[in-house]
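Notes follow once the structure below has been shown.
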Number of protein chains: 4
Amino acid sequence: MGETVENARRSIGARRNPDSADAIREAAEAVLLEKGYAGFSIEAVARRARAGKPTIYRWWPSKAALLLDVYQRQKRDIDYGGTDSVEEDMFRFLRSLFVQWRETPAGDIFRSLIAEAQSDPTAAAALADYARERREHRARIIERGIARGEVRSDVDPMLVADLLASYAWTHLITGRLDESDEAIRAAARLIARGIVV
Amino acid sequence: MGETVENARRSIGARRNPDSADAIREAAEAVLLEKGYAGFSIEAVARRARAGKPTIYRWWPSKAALLLDVYQRQKRDIDYGGTDSVEEDMFRFLRSLFVQWRETPAGDIFRSLIAEAQSDPTAAAALADYARERREHRARIIERGIARGEVRSDVDPMLVADLLASYAWTHLITGRLDESDEAIRAAARLIARGIVV
Amino acid sequence: MGETVENARRSIGARRNPDSADAIREAAEAVLLEKGYAGFSIEAVARRARAGKPTIYRWWPSKAALLLDVYQRQKRDIDYGGTDSVEEDMFRFLRSLFVQWRETPAGDIFRSLIAEAQSDPTAAAALADYARERREHRARIIERGIARGEVRSDVDPMLVADLLASYAWTHLITGRLDESDEAIRAAARLIARGIVV
Amino acid sequence: MGETVENARRSIGARRNPDSADAIREAAEAVLLEKGYAGFSIEAVARRARAGKPTIYRWWPSKAALLLDVYQRQKRDIDYGGTDSVEEDMFRFLRSLFVQWRETPAGDIFRSLIAEAQSDPTAAAALADYARERREHRARIIERGIARGEVRSDVDPMLVADLLASYAWTHLITGRLDESDEAIRAAARLIARGIVV
DNA sequence: ACCTAAGCGAGACGGTACGTCTCGTCTTGCG
DNA sequence: CGCAAGACGAGACGTACCGTCTCGCTTAGGT
């Protein structure tokens with residue numbers, strides 16, 4: 001999986017060199033991990049990847065684009081439950097997300113992306129798109145609940161997805177990913193109570 | 001309110017000059033408003049306030065400290081309800097916060113503070129402190145509900161406050177402060193249903 | 001000679017841009033001339049040259065290096081005589097140096113360099129090197145005198161060169177470059193008498 | 001003599017407090033010794049002396065004034081010979097000066113004063129005055145030589161004094177105070193040969 | 001015995017410069 | 001034409017001093 005380039009990468013002609021792109025993504029992730037968002041600069045990534053800065057700018061127009069790319073590359077599947085209980089499904093989703101953010105670089109990367117989005121409109125747009133897509137995806141938990149008659153039919157699945165994500169995001173950006181399973185379950189239960197028939 | 005200094009501010013002896021402090025706070029707010037978080041630098045604030053950089057660093061150890069100061073100075077009271085319905089109280093709190101963030105500089109300032117906290121640990125600590133204090137304050141809505149028997153006594157008021165704040169924060173940082181009253185009420189109702197007896 | 005850059009200088013690739021180097025040298029000289037050593041700062045030079053500070057630091061590690069460069073760029077040839085009389089050769093050397101220091105920026109630049117060397121060890125080293133090289137060069141006047149039998153063979157040419165330079169330097173740093181030809185010749189004659197056979 | 005102030009110095013009424021003046025002079029000397037000219041700032045002296053900056057500015061209008069004061073306070077007598085040989089007298093003077101500059105703070109202080117004089121006109125004037133006075137003093141060595149018939153009567157004593165001082169100053173400012181007695185004697189002999197009958 | 005005047009330590013003030021960092025752009029020379 | 005390399009103008013970073021200011025205190029000398 002694209003281990004560190006040893007001697008030197010060169011151009012492979014008039015087209016994008018996938019090795020370079022990978023090296024840059026890996027370097028970005030490594031820098032983010034080691035130095036955090038504060039030390040995450042295009043300079044640092046280029047140095048680390050032994051890549052020229054223009055090569056980065058050529059393919060990722062902004063820091064945000066690189067962050068998003070790295071985040072999606074890094075992200076693994078989330079447990080969306082699939083039990084016959086919305087509470088259980090929501091609990092598993094939240095716990096799974098908390099674990100992933102806590103134990104892989106994904107959390108730091110996503111925090112960086114959120115930070116970047118507060119000043120860079122393109123990052124903001126990308127983040128908004130991504131968030132909507134994820135909400136839609138998570139909304140299926142509720143839709144399934146409605147379908148099997150567990151959840152009231154007048155509940156807006158997107159609103160519930162929004163509440164779930166909000167809870168997770170806010171814990172991420174305030175450094176509270178260390179919530180216990182009980183605490184997470186309590187949140188899931190509270191929301192579940194609000195929506196079951 | 002913050003009239004332009006005419007000739008020049010000077011030292012007023014071996015103690016802090018409140019005029020300078022005010023001028024700096026005002027300049028910080030103005031820069032943030034005009035240039036956004038991306039253009040918010042100590043240099044820019046100093047230039048705008050006609051203050052020396054060391055004067056800023058003397059009293060605000062970091063950009064975060066200045067941001068927080070400006071935010072608290074800017075913040076006005078929030079409607080915490082006080083009706084005999086937790087749903088109504090929560091709705092009023094959320095709507096009032098959305099309005100304030102949308103229609104005053106407070107929203108942009110708080111977004112900046114959140115962004116800053118993702119890279120600056122002191123900002124993160126300050127933000128966490130502030131958030132906890134606010135949560136405790138908002139939890140009273142629920143405590144009142146429990147006291148009058150409207151809310152189940154096994155509900156954790158801090159968890160509810162957390163959910164409320166999460167909803168608001170996430171809408172702030174994803175640029176969705178334009179939710180309709182109906183949407184906000186739907187969120188409040190959902191949570192309320194989950195906690196009433 | 002040093003026309004003003006019109007639109008903007010740019011990078012010309014991964015190598016030094018001679019235009020920038022020249023612009024910086026010219027700006028340094030101009031600043032030194034107009035503001036004197038007290039007003040000679042890297043900031044001021046960068047401003048004047050419309051160059052970034054890092055560009056200056058990249059090529060001149062210290063103020064001293066820039067000063068020395070400017071001095072050598074500015075310096076023109078000195079009359080080292082070449083007559084058949086050491087007295088006449090020494091006189092011409094001294095007079096030529098006094099004239100140059102008095103009538104061109106070289107004098108002020110060299111004074112600055114001496115001042116800088118009193119606090120900056122790298123400047124001190126550079127100045128010591130330069131001084132030694134110049135002494136060796138000037139010592140040839142005496143060596144020629146020894147060769148043609150005019151000067152005693154037990155005279156150390158470097159000592160004589162040292163005395164000559166000392167006389168000039170001291171007059172420079174105490175603002176006594178306005179010595180008459182007679183005064184300069186008297187000094188040359190005194191030293192000559194001490195060394196002829 | 002002027003031991004470290006223990007508790008605090010205070011005003012002693014509407015007149016200069018000699019204790020403060022002494023403490024400042026001592027602090028100036030100590031700072032110069034420990035940090036060198038580069039670290040010699042009014043701030044540093046004030047800190048060291050536990051004095052207010054205005055107290056320093058009140059009595060010494062410039063860094064140069066303080067330096068000169070400290071130099072004169074520090075300076076001890078020089079051996080002006082008094083033998084019946086100008087060469088011996090000049091040698092003793094030079095050696096004595098080299099030793100003093102090398103082994104006491106005087107050398108560093110004087111270097112600083114010379115540096116300061118290159119940018120500060122008041123320092124330059126003070127230095128020029130001081131130098132002239134010292135030259136006149138040293139010229140007596142030659143005058144005595146003329147009086148006893150050892151030195152040619154057409155020799156200008158001030159020129160000889162100038163050459164002597166120049167040799168010493170230049171060695172001071174180029175860090176060559178470590179000349180051997182032989183080297184110093186060679187210089188004295190060369191000049192002596194040029195002036196004896 | 002009171003009052004004024006000036007010196008004192010202290011330290012904040014508006015500034016300028018420091019030397020370093022990163023930004024995003026540019027151009028080269030190789031492949 | 002892509003690539004590594006790295007220089008470029010720009011400008012922010014946080015720190016050190018600059019020289020000035022005002023404070024609250026102390027003391028001496030004139031009233």
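In what follows, chains are A, B, ... by sequence order, proteins preceding strands, each numbered from 1. None of these values were measured; they are calculated from a predicted model.
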Q.
Are the side chains of A:Leu66 and A:Lys63 in contact, using a 4.5 Å heavy-atom criterion?
A. no

Q: Find which nucleotide of DNA chain F each of B:Lys63 and A:Ala46 is nearest to by heavy atoms, and output the residue with the more 5' nucleotide.
A: A:Ala46

Q | D:Tyr37 OH - F:dA16 P separation (whole Å) | A | 20 Å

Q: Show the numbers, then the answer: is there a side-chain contact (heavy atoms from CB on, under 4.5 Å) between C:Glu34 and C:Glu29?
A: CA-CA 9 Å; C:Glu34 290 174 16; C:Glu29 197 179 309; over 6 Å; no

Q. Can you tell me if the side-chain N/O atoms of D:Arg58 get under 4.0 Å from OP1 or OP2 in E:dC8?
A. yes

**Q.** Comparing C:Ile12 and B:Arg16 on DNA chain E - which has the more 5′ nearest nucleotide
**A.** B:Arg16

Q: Could you tell me whether the side chain of D:Ser112 and the main chain of D:Asp108 form a donor-acceptor pair under 3.5 Å?
A: yes

(Q) Expressed as a whole number of angstroms, how long is the span from D:Ile56:CD1 to F:dT20:C1'? (A) 14 Å

Q.
Using the rule given for side-chain contact (heavy atoms from CB on, under 4.5 Å), can you reason through D:Arg15 versus D:Ile12, listing the C-alpha separation, both sets of side-chain angles and the distance that settles it, and then say yes or no?
A. CA-CA 7 Å; D:Arg15 66 193 207 283; D:Ile12 55 168; 3.6 Å; yes

Q. So, is A:Ser41 near the phosphate of E:dC21, with a side-chain N or O under 4.0 Å from OP1 or OP2?
A. no

Q | Terminal axis angle for the helix from E:dA1-F:dT31 to E:dG31-F:dC1, five pairs an end, nearest 10 degrees | A | 10°

Q) Taking atom C1' of E:dC18 as reference, at what distance in whole Å does atom OH of B:Tyr57 sit? A) 14 Å

Q. So, is D:Arg9 close to the E:dG9 phosphate, meaning a side-chain N or O under 4.0 Å from OP1 or OP2?
A. yes

Q: Establish whether the base of F:dG9 is bridged to the side chain of C:Lys53 by a donor-acceptor pair shorter than 3.5 Å.
A: no

Q: Verify the contact: side-chain N or O of B:Arg47 to OP1 or OP2 of F:dA12, cut-off strictly under 4.0 Å; return yes or no.
A: yes

Q.
What is the separation between atom CZ on B:Arg10 and atom C1' on F:dC23, rounded to the nearest whole Å?
A. 16 Å

Q. Looking only at side-chain N and O atoms, does B:Arg50 come under 4.0 Å of OP1 or OP2 in E:dC13?
A. no

Q | Whole-Å distance separating the CD1 atom of D:Ile24 from the P atom of E:dA10 | A | 12 Å

Q | Interatomic distance, D:Asn17 CG vs F:dT26 C1' [rounded to whole Å] | A | 11 Å

Q. Are side-chain heavy atoms of A:Ile173 and B:Ile173 found at a separation under 4.5 Å?
A. yes

Q: For E:dA12, take OP1 and OP2 only and decide whether either is under 4.0 Å from a side-chain N or O of B:Thr55.
A: no

Q: Kindly say whether, by distance alone, the side chain of C:Ser11 makes a donor-acceptor pair under 3.5 Å with the base of F:dA7?
A: yes

Q) Reckon C:Trp59 has a side-chain N or O less than 4.0 Å from the OP1 or OP2 of F:dG6? A) no

Q) Quick one: side-chain contact (heavy atoms from CB on, under 4.5 Å) partners of B:Asp120, sequence neighbours excluded? A) B:Ser62, B:Ala64, B:Glu116, B:Thr122, B:Ala123

Q.
Would the distance check show the side chain of B:Arg48 and the main-chain N or O of B:Ile24 forming a donor-acceptor pair, the cut-off being under 3.5 Å?
A. no

Q | C:Arg15 CZ to E:dC30 P, straight-line distance once rounded to whole Å | A | 12 Å

Q: Answer yes or no on whether D:Arg16 is positioned over the face of D:Trp60, meaning its NZ or CZ is under 6.0 Å from the six-membered ring centre and within 45° of the axis.
A: yes

Q) How close or far is atom P of F:dC17 from atom CD of D:Glu43, stated in whole angstroms? A) 6 Å

